[in-house]
Each structure stands twice: as structure tokens, then as C-alpha cells.
Amino acid sequence: MKTKINFVCYCVALASLSLFTNCAEEEHVAPTANRSGITSLTAYFTSGEYKDKVAKEWIINSNEDKTDYVIPIPFYYPEESDNSTADALKAMKVTAVLENNCMLNPGLTMLDLTQKNAFTYTDPYGNERHITISGQQVRSNKCAVKSFMVNGSIPAVVDETNKSISIVTLDDLSNATAEAVLDAHATIVPDPHGTYNFNQPMSFTVTADNGVDKTVYQVVKRIPSKLDMGYAVGSEKELFSHDLRLLGITQTQEGMHPTLAAIGKYVVLNVGDGSAPLYFLRATGSKVGTINLGSANATGAITSDQADHMLICNLADNGQTLKIYKTNSVTGAPTPFITYHNSLGVTLGARLSVQGDLDHDAVIVATPLNTKKVVRWKVTNGTVGAPEVIELGINPWGGMGGNAKVVAANAQGNAGCVADYYAGGANQMYYLSDWQTPTNLVKGESWGQTSAALDMCTFNHNRYLVNFKIGYWPTWGFPGTVYLFDAANLNSVTGADETSSALKYAFKVKDYCAGNMAEPGEYGFSDVLIAPTADGYFAHIFYVSNTHLSFGGIQIDCIKK
């Protein structure tokens, strides 16, 4: 049953025509006579749950003198939902970007895009042309397999470049079933839930929602080749990007400190207000539900190791007890793991990190607020050692907005740690090889931004470091950026973040704040996580920011093409 979004039609008088025609400054775009003159049209929802959100930004690349402009509005919004945009077309705000010295008459206002709305377009030389602007629902042309699993537990490797799916196992698959996660509203034949002999190659065809675009995947039981070391540069792709408000998360004030964990095929998001963390499919970002919190308290942070274990802790003020719970399931209740009486004089639990495997060797670090101390636990052969309070040889950091995230460089704790935080109007990342002596690493922008979120992992025999820099005022031109560095040699991660020779990839996150961001300084908070998949072919980078109100995922792989 498909649910429609109900929109109330109303008119809004625009204060200025220039605001919505955006004629380019002459020094930036030279006037030309061989273009249509309209370079883009953007349609916005005008009421309901998604009021003021962009339904479609249509970039017009053609140089032809168009007469009819038909904006292709997605059939569903959000894309993965069943919410039809049919009613929305009847009342949409439309804006245009024009070439230099051009005009539309009358000015753009609220339009019924189910009708052809008439305008007169005047080019830079005074020539007039009568045009119409309308809209049309367009079904998605996406037809990819996002993930594939056999018999409920055997993950397959999807090679999108070669349109192949490799089932990595030596098990007998003569009587097996599968589960496929597809692009939204796409369909697949034959039905993977049937019983098949996957010992032999077979093909599946994915058809997009538009019924036209198709992709054929060859499913084969085999072990695909990996690169000798590291990931395949150029394999980076965005998996998903969510507006936190569309997930029902609206808290953007002091105390909100979102953190992330990855467990099995899920990524988990904790707001930090004590409510049960949400979990999503890693491959698509589709929301599945809330985790079983059991007796754990999620007012603090969550994090995960490299073996599908998740830690959950409370926020413990001075004199209170920090309680860390452990789980390897989103549905099973977490079990008590570590109890620590906080006598540091500051709040503990907002930041938590793990390197290694908690069932074998690992290092857990809890980073308090307003200090330069951390609490470290070493795990050896699955046994947690005594807590160690370590005073790092760097300046102290501040509260929630500048709180450091300290991450061990390896699973034994003997290779030092990396820390990044905001203090005194500056950001700096440090490598402390002995947990005491700092070496300056990459330096980000100082004013109006913080890069306090970082994480590390080993992927295909190489260590990588990710850093998430947020801007306190996104609407003023301070974007959020995720950086991926080659950290095989941490001392080589130097220079400015954008120009460091160790930088492999930089990704600008989508900004959803629309003026409704977290307060800067004390309240701006973000997290980033890099998590290899169990099969070792992919690594996922997840990020969240209560300032940009964004939560998303990026994928890299090490498949030899």
C-alpha cells in the first residue's frame, strides 16, 4: 500500500525576483548566445513533513533553445520510501539559475508543476522567447545490487564494475537460498529467496523502478582477487546520506553527542540521550529498527572493534560509575563488560574507541571532557586489564564541542595513539608514539571548524585514518568534510588536511541544517568510524554530525579489477 504525502497548496510572495533567478555576476559567467540561458531549475516542497527541502535540482546541460522545461521530480520522496510526490507537484517553489544578464518574466513563485506555466525568457541581447516550466514524476533508473548474502550467513562480494557477485565459501551450496538488497524500488528475477544450486554460476537480473533500465549480475562461488595491499583508489562511492530529522532525531542542543558503531551487516547510531540506538543496513542506510539495549545505559558513547563487537556506555560525571556493556548482536541484550569509578574530576563517556578484537587483543580508550587525560584498558587474549589513567603530553581540550577523540594506533597499545581536538580557536591532530610525546600531524582550519572526530583501522594489510571536520556554521559556507589518510606511517600524515601527501580521498558531506544547527562551540559534535567488512573486501566509512544534521556512509574496496 503506497502512502501519499499530502501537501497544502498555498502561495508565497517572493521578496525579490533576483533571489530566485540568480543571474550570474558578469565577471564569473560571460554572456553567451549559444546556450538556452537557463542552467538549472530547482523544485522545493512547500508544506508537510518535507517543507523547504529540495525535491529536485535539475542541471540543464543542453545548449539548445528549449521551449518546454519539464523538471524530473523523483516519484518517491525520500527515495527509499513509498511516499508518492504526486500531490507535491501541485504546489512547489521553483528557483532558477540563469546566464549573465538574462531575465524571466514573470518572476518565479509557487508553481503548479502539473500544468505548463508560461514565461518570457529574455537573453543577454534582448531577444525574447516564450517558454513553459512544468514537472513530471520520474521513476528511478537505479538498478544495482547493494549486498547479497547466501543461507543467511555467507556474505557475497558485489563487484559493481564487472557486474559480478562472488560467494566466498567452500561450503556445499547445492540447496541454498539468498537475500539481496537492491536500490530502492528495484526488482530482481529470479527471486533470490528460492532454492538454487549456487555451486554453479547463475544470473540475476535487476530492473529499475522505471521498468527500462536493467543490470544482469553473474553469481559465482569463488574467491575474487585482492590487491596485494591497501584499497583500490577510485573505488570510493557514497552509500547513503540521511537528514537526521527525517530519522526522527531533532535534538540539536547541549548534551547531544552522536556516536557510531558497526556490527555485522548493520551500522548503529546513538544520539546519546539514553534512548535505544538506531540500526541500519550498512550497504544502503535503510533503517531497520532500534537495538535491544537491555540494562545498558546509552547516555554516553557507542563504538565497535574490528570483529563485530559493539560497546555501549553511559555518561558518568565525577563521582559516578562508568558502565561499559558489550554485545555482538543488535537484537540480543548487551552484557556488562567494564565498570569504572570516575574520580577524574570531569565527565567521562562521551568518547569511546577500540582498536583490535575484544575477544583477543584490543585497546579501549575513554576520552573525558575538559582535560588531557584518558582512561585506557588493554585486552589480552580476551581478558580486560586494569584501567590506566594516562596524561597525554598535549594541551587540555574543552567540553563537548572541543572534546578530543583518542584512538590507539594498534591492538596492543605499544604503538602510541592519535588525538585530535579543538581548543583555543585551533585544531590540531597529534601522534603520540609513546602516549606522552606529541608529533604534529595534519592541521585543519582553525576558526569556525573542528576536526575532533577520527578513527583508524587496518584494511587489506594497510592502516588507514579517517578524520571528520565539521563547520560550526554550515549555512555560512563551512562545509563538513571526511578525510581518508594512508596511515601506514603515521609520521607521514603531515601538512594541511587538503594538501597532505598522505591524503587519499576527501568527501564533502551533505548539509541539512537549513539554519537549524547545533549551537557552535560547546554543542557541535560529530563522529566518524571506519569498519572493514567480515569478508575483507570492503571497508565502510560512516559519519554523523549534530551540526550538519547529517548521517552517511562511504564504501571503498580492495578488489583487483
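FYI, the numbering just counts along the sequence from 1.
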Engineer: Looking at K237 and E160, is any side-chain nitrogen of the basic one under 4.0 Å from a carboxylate oxygen of the acidic one?
Structural biologist: no
Engineer: If you count the non-hydrogen atoms of other residues, nucleotides and ligands that lie under 6.0 Å from CD in E57, is the total more than 12?
Structural biologist: no
Engineer: Any side-chain heavy-atom pair from I470 and F525 closer than 4.5 angstrom?
Structural biologist: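 I470 does not reach F525 side chain to side chain.
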Engineer: Are D359 and H309 close enough, and set up right, to give a side chain to side chain donor-acceptor pair (under 3.5 Å), and what steps lead you there?
Structural biologist: CA-CA 9 Å; D359 281 349; H309 301 106; 3.0 Å; yes
Engineer: How about D228: does its CG atom have over 12 heavy atoms from other parts shown lying under 6.0 Å from it?
Structural biologist: no
Engineer: Does some side-chain heavy atom of L311 sit less than 4.5 Å from a side-chain heavy atom of V354?
Structural biologist: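 Touching, per the 4.5 Å side-chain cut-off.
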Engineer: Taking the side chain as every heavy atom from C-beta outward, state whether V365 and K405 have any atom pair closer than 4.5 Å.
Structural biologist: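 Contact flag for V365/K405 side chains = no.
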Engineer: Minimum heavy-atom separation for T299 and G274, please, with both atom names.
Structural biologist: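 So the minimum-distance heavy-atom pair works out to CG2-CA, 3.7 Å.
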Engineer: Does S166 use its side chain to pair, donor to acceptor, with the backbone of V168 at less than 3.5 Å?
Structural biologist: no
Engineer: Working note: N440 + T494, criterion side-chain contact (heavy atoms from CB on, under 4.5 Å); need CA distance, chi angles, decisive distance, verdict.
Structural biologist: CA-CA 7 Å; N440 290 347; T494 58; over 6 Å; no
Engineer: Which heavy atom in N83 sits nearest to a heavy atom in S81, and how many Å separate them?
Structural biologist: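 Distance-wise, the nearest heavy atoms are N-OG, 3.2 Å.
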Engineer: Show the atom names and distances, to 0.1 Å, of all donor-acceptor pairs under 3.5 Å that link a side chain in residues 454-468 to residues at least two apart or in another chain.
Structural biologist:
residue : atom : partner : partner atom : Å
D455    : OD2  : I530    : N            : 3.0
N460    : ND2  : L227    : O            : 3.1
N460    : ND2  : G230    : O            : 2.8
N462    : ND2  : D486    : OD1          : 3.2
R463    : NE   : A487    : O            : 2.8
R463    : NH1  : A409    : O            : 3.0
R463    : NH2  : A487    : O            : 3.3
R463    : NH2  : A488    : O            : 3.3
Y464    : OH   : Y231    : N            : 3.0
N467    : ND2  : S451    : O            : 2.9
N467    : ND2  : A453    : O            : 2.8

Engineer: Establish, for the pair K226 and Y537, whether the NZ or CZ atom is under 6.0 angstrom from the six-membered ring centre and no further than 45 degrees off its axis.
Structural biologist: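 Pair K226/Y537 counts as cation-pi.
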Engineer: Find the distance between NZ (K372) and CG (L392) and round it off to the nearest 0.5 Å.
Structural biologist: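 Separation between the atoms: 9.0 Å.
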Engineer: Could you measure the distance from the NZ atom of K378 to the CG atom of N414? Nearest 0.5 Å is fine.
Structural biologist: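 Here the interatomic distance stands at 6.5 Å.
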Engineer: Does the side-chain contact (heavy atoms from CB on, under 4.5 Å) test come out yes or no for N381 and D361, once each step is laid out?
Structural biologist: CA-CA 6 Å; N381 295 324; D361 293 344; 4.1 Å; yes
Engineer: Determine whether S329 and T327 satisfy the following criterion, side chain to side chain donor-acceptor pair (under 3.5 Å), listing intermediate values before the conclusion.
Structural biologist: CA-CA 6 Å; S329 169; T327 184; 5.2 Å; no
Engineer: Is the F240 ring parallel, tilted or perpendicular to the F551 ring (thresholds 30°, 60°)?
Structural biologist: perpendicular
Engineer: Is a side-chain N or O of D171 found less than 3.5 angstrom from the main chain of L173, in a donor-acceptor match?
Structural biologist: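 Checked: no pair found.
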Engineer: Looking at Q320, is its backbone amide N or carbonyl O close enough to the side chain of D317 to form a donor-acceptor pair, meaning the two atoms are under 3.5 Å apart?
Structural biologist: no
Engineer: Report yes if some heavy atom in the side chain of V442 is under 4.5 Å from a heavy atom in the side chain of Y483; otherwise report no.
Structural biologist: no
Engineer: Any salt bridge (Lys or Arg N to Asp or Glu O under 4.0 Å) involving residues 406-432? Give me the pairs, sequence neighbours left out, ordered by first then second residue.
Structural biologist: none
Engineer: Measure from the side-chain N and O atoms of N270 to the backbone N and O of A298, and report whether any donor-acceptor pair falls under 3.5 Å.
Structural biologist: yes
Engineer: Identify the two heavy atoms, one from P258 and one from L269, that lie closest to each other, and give their separation to 0.1 Å.
Structural biologist: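 Heavy-atom minimum between the residues: CB-CD1, 4.2 Å.
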Engineer: Could you report the tightest heavy-atom contact between G413 and W435, atom names first, then the distance?
Structural biologist: O-NE1, 3.0 Å
Engineer: Is it true that E388 and K373 have a side-chain N and a carboxylate O under 4.0 angstrom from each other?
Structural biologist: no
Engineer: Pair Y421, Q428 - check side chain to side chain donor-acceptor pair (under 3.5 Å), show working.
Structural biologist: CA-CA 6 Å; Y421 65 97; Q428 179 65 60; over 6 Å; no
Engineer: Between H548 and Y512, does the ring centre distance come in under 6.0 Å?
Structural biologist: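 Ring-ring flag for H548/Y512: false, centres at least 6.0 Å apart.
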Engineer: Measure the shortest side-chain to side-chain distance between R351 and D527 over non-hydrogen atoms and say whether it is less than 4.5 angstrom.
Structural biologist: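 Yes, close enough: below the 4.5 Å cut-off.
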Engineer: Indicate whether the side chain of Y44 and that of K53 have a donor and an acceptor atom separated by less than 3.5 Å.
Structural biologist: no
Engineer: Below 30° counts as parallel, above 60° as perpendicular, anything between as tilted: where do the rings of F280 and H242 land?
Structural biologist: tilted
Engineer: A side-chain contact here means heavy atoms from C-beta on lying under 4.5 Å apart; do E238 and F507 qualify?
Structural biologist: yes
Engineer: Let me confirm one number: the CE-OG1 distance from M149 to T177, rounded to the nearest 0.5 Å.
Structural biologist: 11.5 Å
Engineer: Give a yes or no on whether the backbone of G399 and the side-chain of N370 come within a donor-acceptor separation of less than 3.5 Å.
Structural biologist: yes
Engineer: Starting at CG of D557, measure out to OG1 of T161 and round the result to the nearest 0.5 Å.
Structural biologist: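 One finds 7.0 Å between CG of D557 and OG1 of T161.
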Engineer: Should the pair F45 and Y50 be assigned to parallel (<30°), tilted (30 to 60°) or perpendicular (>60°) ring geometry?
Structural biologist: tilted
Engineer: Is it the case that atom NZ in K323 sees more than 12 heavy atoms from other parts of the structure closer than 6.0 Å?
Structural biologist: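 Count not over threshold, so no.
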Engineer: Is the backbone of A276 close enough, under 3.5 Å, to the side chain of T290 for a donor and an acceptor to pair up by distance?
Structural biologist: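 Pair absent, no side-chain N/O of T290 close to backbone of A276.
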Engineer: As an exercise, state the distance from OG of S526 to CG of N546, rounded to the nearest 0.5 Å.
Structural biologist: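 The CG atom of N546 is 8.0 Å from OG of S526, to the nearest 0.5 Å.
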Engineer: Could you go through the salt bridge (Lys or Arg N to Asp or Glu O under 4.0 Å) check for E236 and K504 one step at a time?
Structural biologist: CA-CA 10 Å; E236 309 94 348; K504 307 300 291 184; over 6 Å; no
Engineer: So which atom in Y543 and which in G553 form the shortest heavy-atom distance, rounded to 0.1 Å?
Structural biologist: CE2-N, 3.9 Å
Engineer: Taking E498 first and then K508, would you say they form a salt bridge - that is, a charged N and a carboxylate O separated by under 4.0 Å?
Structural biologist: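 Judged by the 4.0 Å cut-off on N to carboxylate O distance, E498 and K508 do form a salt bridge.
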Engineer: Can Y279 and Y266 be said to form a ring-ring contact (aromatic ring centres under 6.0 Å, His included), step by step?
Structural biologist: CA-CA 6 Å; Y279 69 100; Y266 303 113; 4.9 Å; yes
Engineer: Determine the minimum heavy-atom distance between I263 and D308, stating which atoms define it.
Structural biologist: CG1-O, 3.5 Å
Engineer: Using side-chain heavy atoms (C-beta onward) and a distance below 4.5 Å, is C313 in contact with L352?
Structural biologist: yes
Engineer: Can you tell me how far CD1 of I324 sits from OG1 of T321, rounded to the nearest 0.5 angstrom?
Structural biologist: 12.0 Å
Engineer: Kindly indicate, with the supporting measurements, whether the criterion side-chain contact (heavy atoms from CB on, under 4.5 Å) is fulfilled by N491 and Y431.
Structural biologist: CA-CA 7 Å; N491 286 311; Y431 172 45; 3.6 Å; yes
Engineer: Please examine the side chains of T533 and R282, heavy atoms only from C-beta on, and report whether any two atoms are closer than 4.5 Å.
Structural biologist: yes
Engineer: Please step through side-chain contact (heavy atoms from CB on, under 4.5 Å) for the pair I364 and T303, ending with a clear verdict.
Structural biologist: CA-CA 10 Å; I364 305 167; T303 191; over 6 Å; no
Engineer: What's the verdict on side chain to side chain donor-acceptor pair (under 3.5 Å) for K510 and S550, showing C-alpha distance, side-chain angles and the deciding distance?
Structural biologist: CA-CA 7 Å; K510 291 188 177 75; S550 57; over 6 Å; no
